[in-house]
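Below, chain A is the first sequence line, B the second, and so on; all start at residue 1.
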There are 2 protein chains.
Amino acid sequence: MEQILRGTGQRVTRQRQVLLTELRRMVTHPTAKEIYEAVRYHLPQISLGTVYRNLGVLEDLGLLRRLECGGISRYDGDLHRHFHLQCVDCNQVYDIDQSLVQNLNMDLLKSQGFELLDYKLDFYGLCPSCKKTES
Amino acid sequence: MEQILRGTGQRVTRQRQVLLTELRRMVTHPTAKEIYEAVRYHLPQISLGTVYRNLGVLEDLGLLRRLECGGISRYDGDLHRHFHLQCVDCNQVYDIDQSLVQNLNMDLLKSQGFELLDYKLDFYGLCPSCKKTES
DNA sequence: GTATATGCAAACAATTTGCACGCCT
DNA sequence: AGGCGTGCAAATTGTTTGCATATAC
């Protein structure tokens, strides 16, 4: 992270270091406020505005990913390509390994004149525990 | 639409009829406010609150789909299965035919205990016109 | 006639922003 | 030393909600 920040003329601050460290530790796809709470444990003076600003900076640099979950943003520090399943009952977000989806043929799109930069594949359904409760 | 509404004990109002008709006519994946403007042309007294309420109702009934685009919702009246490409430059949303993505193997997920209800595949990149301007 | 839907406006919640001060380089 | 980053609080924006009235059934 430090090299990437410095490479773009931006500064390595304690707030950014702690934020990314905490996000990478969390496996729950936290919201901005949840990240704020986690970071505040180490930096009691940090503000929510700084969290939002730095989430934006780190997202632009590709150091984290933002998920759109029912109108609010959640964040993911795991950069290895994978998908998500959001439970429509408890709203928890689960990781789905990319290998479950085969033959995503990206090249075809480029032939239509689009410059393809990224993609997101999201599933919606019931997680095993909610599925049990439903019945 | 009328049968589906009545089937769930809900009423067929002029607001709902015009809203869905207008949305189906629009090919631009409009926001709630854009839909409000279009509908207001026919129903000058309609309120934005009613538009939001009815977008929710019609979405729950599966009569339209909601897209999450950079923190705000856009709506799609085209129910045939297709994907979207959002231009990261002009933010326009383009339709991508499902046939461009082959072998999306949904069955594998179910074997892990999830009840799979829906999925969304979204691409991000540059549309042909923005791609030209960039270079 | 009765319950649901509407219009209006206020409330809400997530996110952004302006500004004076602080800290990274 | 200089400028980017921060904390704080206020502003903004998309969306939701309470309530009295209107309307579909």
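Look at CG on Leu48(A): it is 15 Å from C1' on dA11(D), rounded to the nearest Å. The distance from atom CZ of Arg14(A) to atom C1' of dC23(C) is 14 Å, rounded to the nearest whole Å. The CZ atom of Arg40(A) sits 17 Å away from the P atom of dT6(D) (whole-angstrom rounding). Atoms CD (Glu59(A)) and P (dT15(C)) sit 11 Å apart, rounded to a whole Å. Rounded to a whole Å, the CG atom of Leu61(A) is 14 Å from the C1' atom of dG5(D). In this structure, Glu37(B) places its CD atom 12 Å from P of dG14(D), rounding to the nearest Å. Protein atom CE of Met1(B) is 13 Å distant from nucleotide atom P of dA24(D), rounded to whole Å. One interatomic measurement links the two molecules: CD of Gln17(B) to P of dA5(C), which rounds to 14 Å at whole-angstrom precision.
Closest to the Arg6(B) side chain, of the nucleotides dC25(D), dA5(C), dG7(C), is dC25(D). When the nucleotides dG7(D), dT6(D), dG7(C) are ranked by their closest atom to the side chain of Ile46(B), dG7(C) comes out on top. For Arg11(A), the side-chain atoms get nearest to dG5(D) when compared with the rest of dT16(D), dT6(C), dG5(D). Proximity note for Asn54(B) (side chain, C-beta onward) versus dA14(C), dT6(C), dT6(D): the nearest is dT6(C). Here dG14(D) is the nucleotide among dC19(D), dG14(D), dT6(D) with the atom lying nearest to any side-chain atom of Tyr52(B). Proximity note for Val12(B) (side chain, C-beta onward) versus dG7(C), dG14(D), dC25(D): the nearest is dC25(D).
Within the structure, every side-chain polar atom (N or O) of Gln15(A) is placed at least 4.0 Å from both OP1 and OP2 of dC24(C). Residue Gln45(B) places no side-chain N or O under 4.0 Å from the OP1 or OP2 atom of dG7(C). Gln10(B) has no side-chain polar atom (N or O) that falls below the 4.0 Å cut-off from OP1 or OP2 of dC25(D). For Thr13(B) and dT6(C), the shortest distance from a side-chain N or O to OP1 or OP2 is below 4.0 Å.
The aromatic rings of His29(A) and His82(A) are tilted relative to each other, their planes meeting at an angle between 30° and 60°. Taking the six-membered ring for Trp and thresholds of 30 and 60 degrees, Phe83(B) and Phe123(B) have ring planes more than 60 degrees apart, a perpendicular arrangement.
Place Lys33(B) and Gly49(A) on DNA chain D by their nearest nucleotides, and Gly49(A) ends up nearer the 5' end.
In this structure, Ser73(A) reaches the sugar-phosphate backbone alone: every heavy-atom distance under 4.0 Å involves primed, P, OP1 or OP2 atoms, never a base. Within the nucleic acid shown, Arg53(B) comes within 4.0 Å of at least one base atom, counting heavy atoms only.
Side-chain N or O atoms of Arg16(A) include none that pairs as donor or acceptor with a backbone N or O of Leu58(A) at under 3.5 Å. Here the side chain of Gln15(B) pairs no donor or acceptor atom with the backbone of Val51(B) at under 3.5 angstrom.
Leu64(B) and Val57(B) fall within a single hydrophobic cluster, where Ile, Leu, Val, Met, Phe, Trp and Tyr are joined by side-chain heavy atoms under 4.5 Å apart, directly or via other members.
Test Thr50(A), Ile35(A), Ile46(A) against Leu19(A) for side chain to side chain contact (heavy atoms under 4.5 Å, CB included) and you get one pass: Ile35(A).
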